[in-house]
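Atoms considered below: every heavy atom in the structure, side chains included; atoms not considered: hydrogens, waters and symmetry mates.
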Amino acid sequence: MISDKKLETALKQYFGFSKFRSGQKEVIRNLLSRESTLAILPTGTGKSLCYQLVGKIYKKPVVIVSPLISLMQDQVEQLRFAGEKKVIALTSVLSFKRKEYAVSHLSQFDFIYLAPEMLNKKEVVENLFQLDLALFVVDEAHCISKWGPDFRPDYLGLGELRRELNFPTTLALTATATKRVEEDIIGNLFGTQKVKVIRHSVDRPNIFLAVEKVANQKEKNKKVIKLVERLKAPGLIYFSSKKKADEIAQMIRQKTKLNVSSYHAGRSAIDRYTVQQQFMLGKLDVICATSAFGMGVNKKNIRYVIHYHLPADLESYLQEIGRAGRDGQQSIAILLYQESDVGLQRRLIDMTLPEDEMIQYYMDNAQKLTGHAGEQGELLDYYRKQGLSSERVKEIFSRRRSDKIKNLNEILAYTNTHHCRRAYIKKYFGEKDNQIHDRSCCQLSGEELPLKELKMIKTEKENIKNFDDNSYQRVIRKLFNL
DNA sequence: CGTTACACCTGTATAGGTGTAACGGTGCTATACT
């Protein structure tokens, strides 16, 4: 057993920090005693440091499965900046030659990042098999549950890969997981093997929670303008439609003096990169984004997150609002809700999940599928290759559909709750709630957000030197007559 | 599935009612082409 002092020396030596953040030491201790761990820690805990330090201590390679190329590139850059040279992101961005070289010389690297799709390649798995791994890491592990079954099925193959690699010590990391998502992750990665779960609260006390009901789109647009004019920038506005994101960005640009841009999968890689950089550097006040924006974005001073559309579920909602207030300062999350918005989410569910008829067709007609099968075709192709019966696949998607609808109803109930919103969220994530709630933490259903007074938040905040949480709490109390 | 934008109609209104079509997210990798 390694002593606390030795751990802290290692932390100082490799990363220059003198103290661990909450949760880090516990995770690292587990891994050093060769215990696989699922760590559910809020953003800003320094989750990456956990596996990086363990890799350093063992002086053996670490493999990290990550969902996005941009995320891998960020991590690689950070590690290189910290003086770590033997790092690689094994992605399609590499030239054929460099990739081929890297794959056949994996043992030369200490940190190897890759997407789950890369693990389909025989050469990659064969070369991974040769390594004596310090750790196998799954970053953003909620993707197993959220994306695996109907978007990126290769996420479902990670458990099998672990078996092939002879069960390396594994660390699964995520910021938001309900009990149900936790079960999905464990079931997939570990089966019946023992896993330690470290779960900290998803609650972020410095984010004020509000829901604003509107009758129609016009009213919603007006409210958006009012909010972005009054709230302290920078801020994020989330949409479930790329077109609307562009449209509202344009509208804000026309009606205010704010610097605004949009971010979604419909924009080119270079545009997306530029927008994110500008935002990080403080040159943009507002980004109008779809769910494409956010993973790995570590901007500390985002002051508000507005949702223009109803999100798919509370997990997504918490991921997205969790990008606010990472500096610990008071921030606000406002969900704008129009009753018809739920139809959009229902439609998205329908679009993703194949109908029974389609499942039957694709499961029966394997050889015809090459090339033009479309997204659902590719997905069904995955299940067919797993050797599942069409009945079983129908069952999987029918279950998936009812789960998604259930989650949608949960976030609907959140918008309508007459009780404390924070308490509702804690309960949803299966947390015990010993906190005494007062109305300074959230706005209840039917209460109007006092927009006039919100302006005070901005001005008063600007007037107060060394603005701290307490002074904000005073302002909030004043606002809501508490 | 339900909203919304827009064309069309009436019959002469910088108007109001009706009908219809459009629309709606998340990414990896491989491969063949320009």
Side-chain angles (χ1 to χ4, degrees), chain A residues 65-73 89-96 99-100 102-103 113-125 138-140 142-158 214-221 237-248 251 262-269 272 288-297 307-313 315-317 319-320 337-353 370-376 378-379 381-382 400-401 404-405 407-408:
Chain A
V65 178
S66 169
L68 305 180
I69 292 176
S70 61
L71 221 58
M72 298 184 227
Q73 288 172 334
L90 210 58
T91 71
S92 60
V93 175
L94 293 181
S95 69
F96 181 78
K99 193 163 46 180
E100 201 179 33
V103 169
Y113 287 85
L114 38 72
E117 287 82 0
M118 192 54 88
L119 298 165
N120 279 331
K121 286 179 69 105
K122 224 169 82 188
E123 313 89 76
V124 175
V125 178
V138 183
D139 200 8
E140 308 287 356
H142 58 280
C143 292
I144 292 173
S145 168
K146 242 197 115 194
W147 281 358
D150 54 29
F151 182 47
R152 290 175 65 178
D154 293 302
Y155 259 106
L156 302 179
L158 295 179
V214 294
N216 54 45
Q217 191 142 16
K218 242 185 184 169
E219 199 183 308
K220 201 191 253 179
N221 292 355
I237 309 179
Y238 272 103
F239 296 80
S240 302
S241 148
K242 296 182 270 194
K243 211 174 152 188
K244 269 281 177 270
D246 285 335
E247 201 182 301
I248 301 300
M251 181 189 81
S262 67
Y263 187 108
H264 52 69
R267 303 202 63 179
S268 69
R272 288 168 70 165
C288 294
T290 61
S291 56
F293 184 81
M295 257 198 261
V297 173
H307 277 73
Y308 188 90
H309 289 127
L310 184 76
D313 48 51
E315 290 102 297
S316 318
Y317 188 59
Q319 281 267 349
E320 288 163 2
Y337 173 58
Q338 183 186 348
E339 259 174 43
S340 59
D341 287 349
V342 70
L344 175 56
Q345 286 302 339
R346 290 214 180 99
R347 181 71 191 127
L348 288 173
I349 294 171
D350 283 344
M351 270 168 54
T352 318
L353 302 173
T370 44
H372 46 82
E375 271 174 44
Q376 289 192 347
E378 274 173 44
L379 188 65
D381 204 41
Y382 173 88
R400 185 76 174 160
R401 186 181 300 264
K404 286 194 167 196
I405 288 170
N407 287 343
L408 183 58

Minimum-distance nucleotide to A:Q338 side chain [options: B:dT3, B:dG27, B:dG24]
B:dT3
Between the side chains of A:K404 and A:D150, is the shortest nitrogen-to-carboxylate-oxygen separation below 4.0 Å, so that they form an ion pair?
yes
Is any NZ, NE, NH1 or NH2 atom of the basic residue among A:R152 and A:E117 found under 4.0 Å from an Asp or Glu carboxylate oxygen of the other?
yes
Electrostatic pair A:D350-A:R401, nearest N-O below 4.0 angstrom:
yes
When both distances are under 3.5 Å in a Watson-Crick or G-U wobble arrangement, the nucleotide paired with B:dC6 is B:dG19
Partner lookup for B:dT14, please. Criteria are Watson-Crick or G-U wobble with both distances under 3.5 angstrom; report none if nothing qualifies.
none
For the residue pair A:K244 and A:Y308, would you count it as a cation-pi contact if the rule is NZ or CZ under 6.0 angstrom from the ring centre and within 45 degrees of the ring axis?
no
Should we count CD of A:E339 as having more than 12 external heavy atoms under 6.0 Å?
no
Is there a side-chain contact between A:V342 and A:L408, using heavy atoms and a 4.5 Å cut-off?
yes
Euclidean distance, atom NZ of residue A:K220 to atom P of B:dA5 [Å, nearest integer]
12 Å
Could you tell me how far B:dT29 sits from B:dC33 if I compare only their P atoms? Round to whole Å.
22 Å
Please report the distance, rounded to the nearest Å, between NE2 in A:H264 and P in B:dG24.
10 Å
Between atom OH in A:Y155 and atom P in B:dT26, what is the gap in whole Å?
16 Å
Could I get a table of every N or O pair under 3.5 Å where one atom is in the protein and the other is in nucleotides 29-33 of chain B?
{"residue": "B:dT29", "atom": "OP2", "partner": "A:S92", "partner atom": "N", "Å": "3.3"}
{"residue": "B:dT29", "atom": "OP2", "partner": "A:S92", "partner atom": "OG", "Å": "2.7"}
{"residue": "B:dA30", "atom": "OP1", "partner": "A:K121", "partner atom": "NZ", "Å": "2.9"}
{"residue": "B:dA30", "atom": "OP2", "partner": "A:K99", "partner atom": "NZ", "Å": "2.9"}

Atom pair distance, as rounded to whole Å: CG in A:L408 and P in B:dC1
15 Å
By nearest atom, which of the nucleotides B:dG2, B:dG24, B:dG27 is closest to the A:W147 side chain?
B:dG27
Would you say A:R272 places a side-chain N or O within less than 4.0 Å of OP1 or OP2 belonging to B:dG27?
yes
B:dA13 to B:dC9 separation - C1' atoms, rounded to the nearest Å:
13 Å
How many Å lie between CG on A:L68 and C1' on B:dC28, as a whole number?
9 Å
Pick base, sugar-phosphate or nothing for A:R346, based on heavy-atom distances below 4.0 Å to the nucleic acid.
nothing
Assign A:P67 to base, sugar-phosphate, or nothing according to its heavy-atom contacts below 4.0 angstrom with the strands shown.
sugar-phosphate
Between B:dG17 and B:dG11 - P atom distance, rounded Å:
15 Å
Tell which nucleotide pairs with B:dC33, taking only Watson-Crick or G-U wobble pairs whose two distances are both under 3.5 angstrom.
none
Taking NZ from A:K244 and P from B:dT3, how many angstroms apart are they, rounded to a whole number?
14 Å
Selection from B:dG24, B:dT26, B:dG27 that lies nearest to any side-chain heavy atom of A:K243
B:dG24
If you round to the nearest 0.5 Å, how far is OG1 of A:T91 from CG of A:L68?
11.5 Å
Separation of B:dG24 atom C1' from A:Q345 atom CD, nearest Å, is 9 Å
Can you tell me how far P of B:dC1 sits from NE2 of A:H309, to the nearest Å?
19 Å
Listed nucleotide nearest any side-chain atom of A:S340, set B:dT3, B:dG27, B:dG24:
B:dT3
Could you tell me whether A:L348 contacts a base, only the sugar-phosphate backbone, or nothing, with contacts defined as non-hydrogen atoms closer than 4.0 Å?
base
Give the C-alpha distance, both sets of side-chain angles, the deciding distance and a yes or no for side-chain hydrogen bond (donor to acceptor under 3.5 Å, both in side chains) between A:E320 and A:H307.
CA-CA 9 Å; A:E320 288 163 2; A:H307 277 73; 2.7 Å; yes
Tell me the partner of B:dG24, counting only Watson-Crick (N1-N3 plus N6-O4 or O6-N4) or G-U wobble (N1-O2 and O6-N3) with both under 3.5 Å; none if nothing fits.
B:dC1
When you match A:F151 and A:Q217 each to their closest nucleotide on DNA chain B, which lands nearer the 5' end?
A:Q217
Tell me if a side-chain donor or acceptor on A:N221 pairs with a main-chain N or O of A:K218 at a distance below 3.5 Å.
no
Roughly how many Å apart are B:dG16 and B:dT12, using the P atom of each and rounding to a whole number?
15 Å
